[in-house]
Amino acid sequence: PLLGEWVRPDGGYVLSVTGITEEGKATVAYLNPRPINVARAEARQEGDVVGLFVELRDQGYPGSTYTLAHDAQADQLKGLYFQATQRASYDVVFVRR
C-alpha cells in the first residue's frame with residue numbers, strides 16, 4: 001500500500017515510493033518542489049499497521065524525518081514530520097496522487 005506518489009496538501013511536498021525490498025529498505029524520492037536527498041527510507045509492518053520512515057539529508061534538511069503510518073481506510077499516510085533545524089515536530093498527512 002505504500003507504493004506510489006503521495007502529496008502533502010498543506011504544501012505540495014511529494015513522496016514518491018517506487019520500491020520496497022523484503023528487508024524493508026524503501027526507494028523514495030522527496031520533492032519540495034525540487035528533489036531533496038533522502039538519506040534513508042524504511043518500510044515496516046507492526047500487526048496490521050504498515051509504516052514508512054524517511055530521513056532527509058540536504059541543505060536545509062539536516063536530518064529531518066517523516067514517521068508515517070498508512071491509514072488503509074482513508075488511503076493516506078499520517079504521522080509526524082520532525083523539522084531538524086527548528087527541532088520541532090508537526091502532524092502531517094499525505095494523500096495518494
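Every value quoted in this text rests on a predicted model; they were computed, and no experiment measured them.
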Evaluate the side chain to side chain contact (heavy atoms under 4.5 Å, CB included) criterion for residues V92 and L68: first the C-alpha distance (whole Å), next the side-chain angles of each, then the deciding distance (0.1 Å), finally the verdict. CA-CA 8 Å; V92 293; L68 305 166; 3.8 Å; yes
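To the nearest 0.5 angstrom, L77 atom CG is 6.0 Å from L2 atom CG. In this structure, the separation between CG on L15 and CG on N32 is 10.5 Å, given to the nearest 0.5 Å.
Counting only residues at least two apart or on different chains, the ring-ring contact (aromatic ring centres under 6.0 Å, His included) pairs with a member in residues 77-97 are Y66-Y81, Y66-F94.
For D75, the salt bridge (Lys or Arg N to Asp or Glu O under 4.0 Å) partners are R96, not counting sequence neighbours.
Both V7 and L31 are part of a single hydrophobic cluster, where members link through side-chain heavy atoms under 4.5 Å apart. Cluster annotation: Y13 is connected to L3 through the hydrophobic network of ILVMFWY side chains, with a link wherever side-chain heavy atoms come within less than 4.5 Å.
No side-chain heavy atom of V38 sits under 4.5 Å from any side-chain heavy atom of T27. Counting heavy atoms from C-beta on, the side chains of V54 and Y30 never come closer than 4.5 Å.
Between the side chain of S64 and the backbone N or O of A84 there is at least one donor-acceptor pair closer than 3.5 Å. Here the side chain of D58 pairs a donor or acceptor atom with the backbone of N37 at under 3.5 angstrom.
Listed here is the closest heavy atom pair of T85 and G60: CG2-O, 4.1 Å.
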N/O donor-acceptor pairs under 3.5 Å from side chains in residues 42-53, not counting sequence neighbours:
unit_1: E42; atom_1: OE2; unit_2: R40; atom_2: NH1; d: 3.2
unit_1: Q45; atom_1: NE2; unit_2: G47; atom_2: O; d: 3.1

